[in-house]
Protein chains: 2
Amino acid sequence: MPTTPSTTARSKRAGSQLTPDAIIEASLRIAARGSQDAFTVRRLGEELGADPTAIYRHFRDKDELLLSVADRTLGEVLDSIPEGLDWKDRIRALAAGSLEVALKYPVVGSAMASRTTRRPHEFRVVELILGAVMEAGLTGRDAAVHYRMVGDSLLAFVGQQAAYLLFTPDVRAADESSWSREYRLVDPEQFPNITRLSAELPEVTDEQIFHIRVEALISAIETRARTLRET
Amino acid sequence: MPTTPSTTARSKRAGSQLTPDAIIEASLRIAARGSQDAFTVRRLGEELGADPTAIYRHFRDKDELLLSVADRTLGEVLDSIPEGLDWKDRIRALAAGSLEVALKYPVVGSAMASRTTRRPHEFRVVELILGAVMEAGLTGRDAAVHYRMVGDSLLAFVGQQAAYLLFTPDVRAADESSWSREYRLVDPEQFPNITRLSAELPEVTDEQIFHIRVEALISAIETRARTLRET
DNA sequence: ACACTGTTGTCAACGGTGTTGCGCTGCGAC
DNA sequence: GTCGCAGCGCAACACCGTTGACAACAGTGT
């Protein structure tokens, strides 16, 4: 059950082949292969050259492993954020970084969309967002609510994008074609707005949506701060 | 394979016990029981008093059934939106209605967070949102992008809330307690902002977050429309 | 030097999932 | 009256996460 060789400094003993770190890294390797290769316990055992069930000596269940893997990727995100940015750019960097790793490890990103890891790196992210909204001028309950808005929104969006990558190619193709095909064929009487915009709708890219959603968060914080300042 | 008795008008024959509609309604009954009762094919067969695999005579696979069920709930949402609202209140009503049915049928809401049903009612939702952003003063590409912002954001948020309801009680308890317990115990040196707000953070309710996220979307549309008007 | 203890990996198996192929049945059409 | 065939039940498959019993082995106390 203990994750480290417990007491003494004999941690370098050759006997223990598998370590939590090795398992996490193997998980990331599988996750990086996207939907081509499902992230299953048996597949993980294969990747480690060990019996699949050996994993249960180091993690209580697959969920705990997933949380640990997610926390590792959170670290990647945090390390990619440069120092010395103002609050807006810090949020932008956090958003961009989160999206990047979520697309790199889709299984992880999608599984974490409505979870909390309660692990070291998560506290750093919370601290970062709180620092940003407070630097923007919010305090107390306002800061708390706006932090949750930013945190939940980023998680949801990033999870949404990641989950999309996990769909089988045919599902994804059907999804994409609907914009350019089916939406062009709707009844103009019943759906005048769709008809009017049928040319523009398929042109919208994920990057545009991502950008505008992040800016919406930032401007919500800004607006609230200005309102407080004026009263 | 055909979903209707194919050719002639003999659709009212008594022989066929199962119909797509009956299956969808049974699915909704199970989904409404939340996480207490998993939404599985076998459970669905039990609910229908039929063999589980009989469902495959009416739906290609579980995913297609899920899309149909989701479209049905979309209808519920649309019917709950009153006439004669201005664009802001229409978006608010759509958001509130979506959240309501997603929490009523968590499995459905969570599964649809990053999907597109490509079914009748979905076109009506798209039309509704497009109408709102155009009434706000956006056109062309601006309208298209902002529609996607609203649509994707609502879906993501509602899916996130629904997914949370599906977690086993112990996972949910661990999640909730983290705010009131663990976040109070962090190192004040390393996490000054968390420490400063440790009293306010657990006080934030889902309703507050929901409200502020929806308003952020509305004000983003408003701001963009004002910018266009001024130039 | 020895037995003991606790950790780590292997193996077989369990209960659960979605899904498919085969055979029966009974209705509607001719 | 007979036939065709859609609709359903049944058994089974492949896959999933997880558990319990067992073997190998390291470190420790006597």
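Chain letters run A, B, ... following the sequence lines, proteins first and then strands; every chain starts at 1.
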Shortest side-chain distance from [X], nucleotide among [options]:
X	options	value
B/R57	C/dG9, D/dG9, C/dG18	D/dG9
B/K62	C/dT19, C/dT8, D/dG9	C/dT19
B/R42	D/dA12, D/dG9, D/dC22	D/dA12

In whole angstroms, how far is the [atom2] atom of [N] from the [atom1] atom of [X]?
X	N	atom1	atom2	result
B/D61	C/dT20	CG	C1'	13 Å
B/H58	C/dT19	NE2	P	16 Å
A/Y56	D/dT18	OH	P	4 Å
A/Q17	D/dC25	CD	C1'	11 Å
B/L18	C/dT25	CG	C1'	16 Å
B/I30	C/dT17	CD1	P	11 Å

B/F167 ring centre to A/R115 NZ or CZ under 6.0 Å, with the angle to the axis within 45°?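 Satisfied, under 6.0 Å and within 45°.
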Would A/K62 count as a cation-pi partner of A/F39, with NZ or CZ less than 6.0 Å from the six-membered ring centre and within 45° of the ring normal? yes
DNA chain D: B/D51 or A/T40, which has the more 5' nearest nucleotide?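 Going by which nucleotide is closer to the 5' end, it is B/D51.
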With a 4.0 Å cutoff (strictly under), does any side-chain N or O of B/T53 reach OP1 or OP2 of D/dG9?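 No, B/T53 has no side-chain N/O under 4.0 Å of OP1/OP2 on D/dG9.
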Which part of the nucleic acid, if any, lies within contact of B/F39, taking any heavy atom under 4.0 Å across all strands shown: a base, the sugar-phosphate backbone alone, or nothing?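 It contacts sugar-phosphate atoms only.
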Considering every strand and a 4.0 Å limit on heavy-atom distances, what is the contact class for B/A50: base, sugar-phosphate, or nothing?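 Sugar-phosphate, backbone atoms only, no base.
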If we count only N and O atoms by modelled type, under 3.5 Å, do the side chains of B/D21 and B/T19 hold a donor and an acceptor together?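 Not at all, the side chains of B/D21 and B/T19 share no donor-acceptor pair under 3.5 Å.
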Please check if any side-chain donor atom of A/R213 sits under 3.5 Å from a side-chain acceptor atom of B/S153, or the reverse.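 Yes, side-chain donor-acceptor contact under 3.5 Å.
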